[in-house]
Amino acid sequence: MIVRDIKDIIGSEKEVHAKEGQWISRRMLLKDDNMGFSFHETIIKAGTKTHIHYQNHLEAVYCVAGNGKIEDLKTGEIHPIYDGIMYALNNHDDHNLYGGSEDMRLICVFNPPIKGTEHHDENGVYPLED
Ligand code: 9YT
């Protein structure tokens, strides 16, 4: 059994900051944990915009605090995000993620799992490991 406290992740090498400061990702389960997915807490800073296009991963995201919105760049649809909203990028959906009036706290699951310290590249993509 794996039991982890977010307090031990904060400030460690498993806490990754976006290069432009829009988000903080606390990686609670990673590829090496052999669960078949990775599990992160992500804070999206209020008032920010991030372009994301995970071409190599599927991601499900559940909002537990704060607010923001997601813009589907294929359809132009904009969906509000707040406590209780889940979105799943089941089609590797190209999107913009916006922080709202306060920081958003998101629980994120990635398949295949993130290895550890990946950053988005200039196209909002995480590379596929191996
Ligand atoms: C919701 C989202 O995709 N935010 C970007 C960071 C990512 N969730 C991560 O690495 O945890």
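Values in this document were obtained by computation on a predicted structure and should not be read as measured data. All ligand and atom numbering here is 1-based and tracks the order in the structure.
Contacts with ligand 1 closer than 4.0 Å are made by side-chain heavy atoms of Ile52 only, the backbone lying farther away. Contacts between Leu97 and ligand 1, counted as non-hydrogen atom pairs separated by less than 4.0 Å, involve the side chain only. The side chain of Leu106, and not its backbone, has at least one atom closer than 4.0 Å to an atom of ligand 1 (non-hydrogen atoms only; side chain from C-beta on).
Taking the centre of each ring, Phe110 and Phe39 stay at or above the 6.0 Å mark.
Figure legend: Lys49 and Tyr98 shown without cation-pi pairing, the cationic atom not lying both under 6.0 angstrom from the six-membered ring centre and within 45 degrees of its axis.
Between Val61 and the choices Ile85, Leu106, Ile44, the side-chain contact (heavy atoms from CB on, under 4.5 Å) rule is met once, by Leu106.
Atoms of ligand 1 found under 4.0 Å from any heavy atom of Ser25 (numbered from 1 in listed order, with element): 9 (C), 10 (O), 11 (O). Ligand 1 places these atoms under 4.0 Å from at least one heavy atom of Thr42: 4 (N), 6 (C), 7 (C), 8 (N), 9 (C), 11 (O). Numbered from 1 in the order shown, with element, the atoms of ligand 1 that lie under 4.0 Å from a heavy atom of Cys108 read 8 (N). Ligand-side atoms of ligand 1 in range of Tyr87: 1 (C), range being under 4.0 angstrom from any heavy atom. Taking every heavy atom of His40 and a limit of under 4.0 angstrom, the matching atoms of ligand 1 come to 9 (C), 10 (O), 11 (O).
Inclusion of Arg27 in the set of residues having an N or O under 3.5 Å from an N or O of ligand 1 is warranted. Polar contact with ligand 1: present for Glu59 (N/O pair, distance under 3.5 Å).
A donor-acceptor pair under 3.5 Å is formed between the side chain of His92 and the backbone N or O of His57.
Relative orientation of the His51 and His53 rings is tilted, given thresholds of 30° and 60° on the angle between their planes.
Taking a 6.0 Å sphere around CD of Glu102, one finds it holds more than 12 heavy atoms contributed by other residues, nucleotides or ligands.
A salt bridge does not link Asp8 with Arg26: every distance from a Lys NZ or Arg NE/NH1/NH2 to an Asp or Glu carboxylate oxygen is 4.0 Å or more.
Look at Phe39 and you'll find every heavy atom at least 4.0 Å from all atoms of ligand 1.
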**Request:** Go through the steps to decide whether Asn96 and Thr50 satisfy the test side chain to side chain donor-acceptor pair (under 3.5 Å), and finish with yes or no.
**Result:** CA-CA 5 Å; Asn96 283 324; Thr50 309; over 6 Å; no
